[in-house]
Amino acid sequence: MDIKAIEKKWQMRWEKEKFNRFDVKDTEKKKFYVLEMFSYPSGAKLHVGHWYNYGPADSYARFKRMQGYNVFQPMGFDAFGLPAENYAIKTGVHPKDSTEANIATMEQQLKAMGAMFDWSAEVKTCTEEYYKWTQWMFLQLYKKGLAYRKEAPVNWCPSCNTVLANEQVIDGKCERCDTPVVRKNLTQWFFKITEYAEELLSGLIDLDWPEKTKNMQRNWIGKSTGCEIEFECESGDTFRVYTTRPDTVFGVTYVVLAPEHPLALKITTPEQREAVEAYIDYAARSSEIERLSSTREKTGVFTGAYCTNPVNGKKVPVYLADYVLYSYGTGAVMAVPAHDERDFAFATKYGLPIVKVIEKQGGETVLPYTEDGIVVGSLQFDGLCGEEARSAIASYISKIGKGGKKINYRLRDWLVSRQRYWGAPIPIIHCEKCGAVPVPEKNLPVKLPYDVEFRPDGKSPLAKHEKFMNTTCPKCGGPAKRDPDTLDTFVCSSWYFLRYADPHNDKEPFDREAVDRLLPVDTYVGGAEHSCMHLLYARFFTKALRDMGYLDFDEPFKRLVHQGVILGPDGNRMSKSHGNVVSPDDYIKEYGADAFRMYLMFGFSYTEGGPWSDDGIKAISRFMDRVEKIALKSNEYFGYGPFEREERALDYARNYCIRQVSRDMESFSFNTAIARMMEFTNALYKYDALPGEKNAKLFKESVRDLILMLAPCAPHFAEELFEQTGGKGFVFEQKYPVENPSALRLAETEYAIQVNSKIVCKAMLPSDATDEEIKTAALALPEVTARTEGKTLKKCVVVKGRLVNLIVG
RNA sequence: GCCGCUGUGGUGGAAUUGGCAGACGCAAGGGACUUAAAAUCCCUCGGUAGAGAUACCGUGUCGGUUCGAGCCCGACCAGCGGCACCA
């Protein structure tokens with residue numbers, strides 16, 4: 001078979017018949033939306049990882065189509081982002097030009113793959129037609145009170161005079177010039193994702209997602225139930241701490257504020273001022289990663305101030321320490337060194353008292369003791385335990401008006417401002433008189449200018465562009481400036497799956513009816529690295545849009561599947577710096593797109609991935625040859641043969657294959673699906689090699705079923721074989737084979753016979769035998785009698801269709 | 001440091017979810033065809049002992065539950081991934 005020729009032939013026919021398009025007019029078939037995470041057009045070429053994501057997922061989509069669904073499978077590009085801008089800084093090639101060129105190459109390669117993408121719905125996030133609506137999304141969130149501004153730190157390189165992404169900070173230093181990075185506060189836009197924390201958490205229950213991913217999201221959201229407690233300083237200033245262990249509040253020997261806490265300097269005594277300022281400065285210089293490292297020694301400083309524990313009136317010192325994070329809880333903690341590891345370490349280092357208030361039940365209490373136990377030394381609460389104690393103390397705190405129960409989330413609001421060029425401009429105008437004013441929707445998009453200086457020199461590229469920056473205030477008409485920042489690219493990817501439903505609409509982001517017809521996504525396939533960010537943001541957008549009345553479903557992705565990662569042959573992640581990048585191109589040239597795709601499906605466990613190796617790609621080629629040979633041979637079969645033992649065996653093999661392959665395809669177990677088809681092919685060869693007259697009808701039908709089952713995995717190849725064996729129309733218009741249960745019912749089933757849990761022999765027993773009959777038959781076997789002679793049967797375990805275990809003694 | 005996942009032949013990976021470990025392949029060895037090679041076809045292929053039927057051992061390690069454990073429980077080791085010192 002001339003692989004190149006048939007790939008071209010069928011791709012052209014599919015194209016001509018608009019075969020890959022979702023059929024909007026077909027309302028009879030059930031819709032099925034299969035989505036793969038769209039690609040980032042970074043390097044110039046499609047790599048093995050793209051293939052591994054898109055090839056098998058396309059086979060799944062084709063499988064669903066043959067099962068009778070009206071399948072929608074779009075493709076697009078997540079085209080804004082940092083790499084294109086970095087590339088521009090390095091080479092001078094404009095991000096728009098390099099991105100467009102990369103997209104053009106990738107489109108060609110994706111088409112050559114022969115996947116069933118509906119290119120009429122293609123979406124590119126860097127086009128005006130798209131980012132107009134990304135900006136519109138921003139405005140809706142703003143209107144709804146879900147977008148707001150506040151100060152937040154950025155990584156700042158004082159030498160390059162530029163903001164760095166976390167990725168660009170290597171060991172606390174700028175990746176370009178090795179200058180230590182400092183943190184600098186800027187006023188930036190946030191989305192209030194925390195407003196949806198509870199629903200994002202509870203909504204996970206019903207999703208058909210990997211448990212692992214759901215758990216990661218749960219941990220990311222990080223709900224905890226605790227208590228806020230108010231402490232008052234001698235100065236009269238008050239602050240609250242958050243704790244999950246109110247049962248230990250009588251054991252507080254000091255409290256700690258985060259170095260960024262607004263009260264930190266205010267309460268500091270003159271004697272301590274110098275030390276405190278130095279410490280705050282020190283904390284600001286250490287990177288977040290350093291600060292969060294647990295192997296790092298605890299550091300802190302005494303403010304000189306004291307505050308009062310509201311439950312017992314004790315005065316305790318106030319410290320600053322960077323193990324307390326300003327962004328979590330209240331930015332202040334009560335320290336109970338007897339019952340917390342970190343507090344214990346800190347107290348030991350700084351010579352602070354340690355007061356035991358929890359006693360281990362039925363054992364010696366070794367400090368720090370962090371488990372639940374019996375409360376001691378806590379007045380009226382003595383003797384209470386665990387949850388009971390926490391609840392009682394929290395109620396008491398609430399009663400005395402010093403705080404009370406509080407639910408906290410680890411989840412933080414989503415910072416969306418980026419001091420970058422290659423992104424969607426934030427549609428806000430800053431007016432000295434009116435403040436931050438949203439750009440009127442009719443003026444969207446706020447166009448990203450082409451002629452900018454994107455080399456870093458202290459100001460973000462848009463801020464230097466006079467024509468872009470200077471505008472008039474939509475409210476008062478006075479002179480005003482645009483927001484110089486662009487949106488995080490995760491904003492673009494938080495709604496693209498909605499735009500696919502109505503990609504060319506220039507009146508609204510999507511038509512409600514179009515979205516209702518297609519959404520939610522039935523199966524979403526993509527890498528596990530997006531477990532927390534992208535998948536959470538997309539869920540947030542969906543819920544926010546629902547609450548604004550634009551959607552009426554709660555979750556965007558019903559089912560989620562993560563493909564594994566294909567590593568380099570050396571077992572490391574593929575990267576240019578490792579020099580272990582494998583290009584699919586040579587393989588495709590030699591073996592063809594179908595064989596390469598099938599090898600990816602067969603050689604790896606889809607959700608696991610693994611190091612690349614091409615051992616076995618030849619085997620797929622051989623398998624296809626074998627299928628081709630036997631298929632063409634079926635053309636030579638004529639007449640009516642018998643339907644006896646051999647025919648029943650073939651019919652069994654055929655139906656067994658149909659059953660298993662259907663299950664395996666549904667569960668993304670592509671490697672076993674192909675293994676079953678190999679077995680079936682072997683069975684066809686075995687039958688063909690038999691002497692005597694053959695049953696042509698059975699053989700031809702079997703070959704046809706094999707071709708149909710193979711079609712999703714090797715689409716061009718199967719089309720060609722289907723045609724060459726007399727098939728009419730496209731193979732993908734055929735119905736996927738359905739098993740015939742009666743062919744799978746055999747008169748006898750093989751049982752493993754065990755005596756005292758050891759297999760002694762195998763036996764064919766009637767499939768419809770009762771447990772008692774099976775037991776009797778097993779006991780009569782010579783291999784069994786030899787081992788049971790003179791012993792009594794103590795127990796007999798029968799597992800229907802599998803084994804008998806006779807326990808004798 | 002915490003959390004999560006993974007650990008099965010020389011190798012990629014199967015195992016009906018507690019029921020015959022190693023499906024289907026690759027590699028290797030032997031053979032057939034061939035002047036020869038390639039291709040193709042057939043056989044062997046976890047380990048040890050044995051000519052052999054067969055016996056014993058075997059799913060990272062050690063224990064446990066069970067008639068029965070790759071799968072469940074406990075402890076440990078190794079590798080990978082994520083990260084929140086979350087109070």
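Convention: sequence-line order gives letters A, B, ...; per-chain numbering from 1.
Of the candidates G68(B), C26(B), A87(B), G68(B) carries the atom nearest the S757(A) side chain, counting heavy atoms from C-beta on. Here the nucleotide nearest the side chain of W220(A), chosen from C83(B), A87(B), C24(B), is C83(B). Taking every side-chain heavy atom of T243(A) into account, A87(B) is the closest of C20(B), A87(B), G68(B). Of the candidate nucleotides C3(B), G19(B), C24(B), G19(B) has the atom nearest to the side chain of Q754(A). Candidate nucleotides G19(B), A87(B), C26(B) were compared by shortest atom distance to the side chain of D615(A), and C26(B) ranks first. Here the nucleotide nearest the side chain of V797(A), chosen from G13(B), G4(B), G19(B), is G19(B).
Computed from coordinates, the M678(A) CE to G13(B) C1' distance equals 12 Å when rounded to whole Å. Rounded to an integer number of Å, the gap from CD of E608(A) to P of G79(B) is 18 Å. Atoms CG (L257(A)) and P (A87(B)) sit 18 Å apart, rounded to a whole Å. We find that CZ of F604(A) is positioned 16 Å from C1' of A14(B), with the value rounded to whole Å. Rounded to whole Å, the distance from CG on L411(A) to P on C83(B) is 15 Å.
Nucleic acid contact for D343(A): none, since no nucleic acid atom lies under 4.0 Å from a heavy atom of the residue. Here K212(A) lies in heavy-atom contact (under 4.0 Å) with sugar-phosphate atoms only. As judged by a 4.0 angstrom heavy-atom cut-off over every strand, E529(A) is placed among residues making no nucleic acid contact. Nucleic acid contact for G222(A): none, since no nucleic acid atom lies under 4.0 Å from a heavy atom of the residue. Contacts of I759(A) with the nucleic acid, taken as non-hydrogen atoms under 4.0 Å apart, involve only primed sugar atoms and P, OP1 or OP2. If you check every strand for non-hydrogen atoms under 4.0 Å, F602(A) touches a base. Note on N215(A): nothing from the nucleic acid sits closer than 4.0 angstrom, heavy atoms only. Residue K618(A) is out of contact with every strand shown, counting any heavy-atom pair closer than 4.0 Å. At the heavy-atom level, S605(A) lies under 4.0 Å from the strands shown only through sugar-phosphate atoms. At the heavy-atom level, G331(A) lies nowhere under 4.0 Å from the strands shown.
A syn orientation is assigned to G9(B), its glycosidic angle lying within 90° of 0. Syn is the conformation of U17(B), whose glycosidic angle sits no further than 90° from 0.
Residues of residues 652-664 of chain A having a heavy atom closer than 4.0 Å to RNA chain B: none are found.
With a cut-off of 3.5 Å on both Watson-Crick or G-U wobble distances, the partner of G19(B) is given as C67(B). A36(B): no Watson-Crick or G-U partner with both key distances under 3.5 Å is found in any strand.
Taking the C1' atoms as reference points, A69(B) lies 12 Å from U17(B), given to the whole Å. Nucleotides U8(B) and A15(B) have their P atoms positioned 15 Å apart, rounded to a whole Å.
The base of C20(B) lies close enough to the side chain of K762(A) for a donor and an acceptor atom to sit less than 3.5 Å apart.
Using a 3.5 Å distance cut-off with no hydrogens or angles, the side chains of N219(A) and R410(A) do not pair a donor with an acceptor. Judged by distance alone, the side chains of N408(A) and S224(A) never bring a donor and an acceptor atom under 3.5 Å apart.
Under the 4.5 Å side-chain criterion, counting only non-hydrogen atoms from C-beta, V375(A) is in contact with I358(A). In this structure, the side chains of M574(A) and V582(A) come closer than 4.5 Å at one or more pairs of heavy atoms.
How far NZ of K758(A) is from CG of N805(A): 12.5 Å, rounded to the nearest 0.5 Å. Atom CE of residue M709(A) and atom CD of residue Q660(A) lie 11.0 Å apart, to the nearest 0.5 angstrom.
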Atom pairs under 3.5 Å: protein N/O with N/O of nucleotides 56-60 of chain B:
residue: C56(B); atom: OP1; partner: K758(A); partner atom: NZ; Å: 3.3

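Here F381(A) and Y396(A) bring their ring centres to under 6.0 angstrom of each other.
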Y282(A)/Y279(A) under ring-ring contact (aromatic ring centres under 6.0 Å, His included): CA gap, chis, key distance, verdict:
CA-CA 5 Å; Y282(A) 159 80; Y279(A) 188 73; 5.6 Å; yes

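Around NZ of K686(A), the count of heavy atoms belonging to other residues, nucleotides or ligands within 6.0 Å does not exceed 12.
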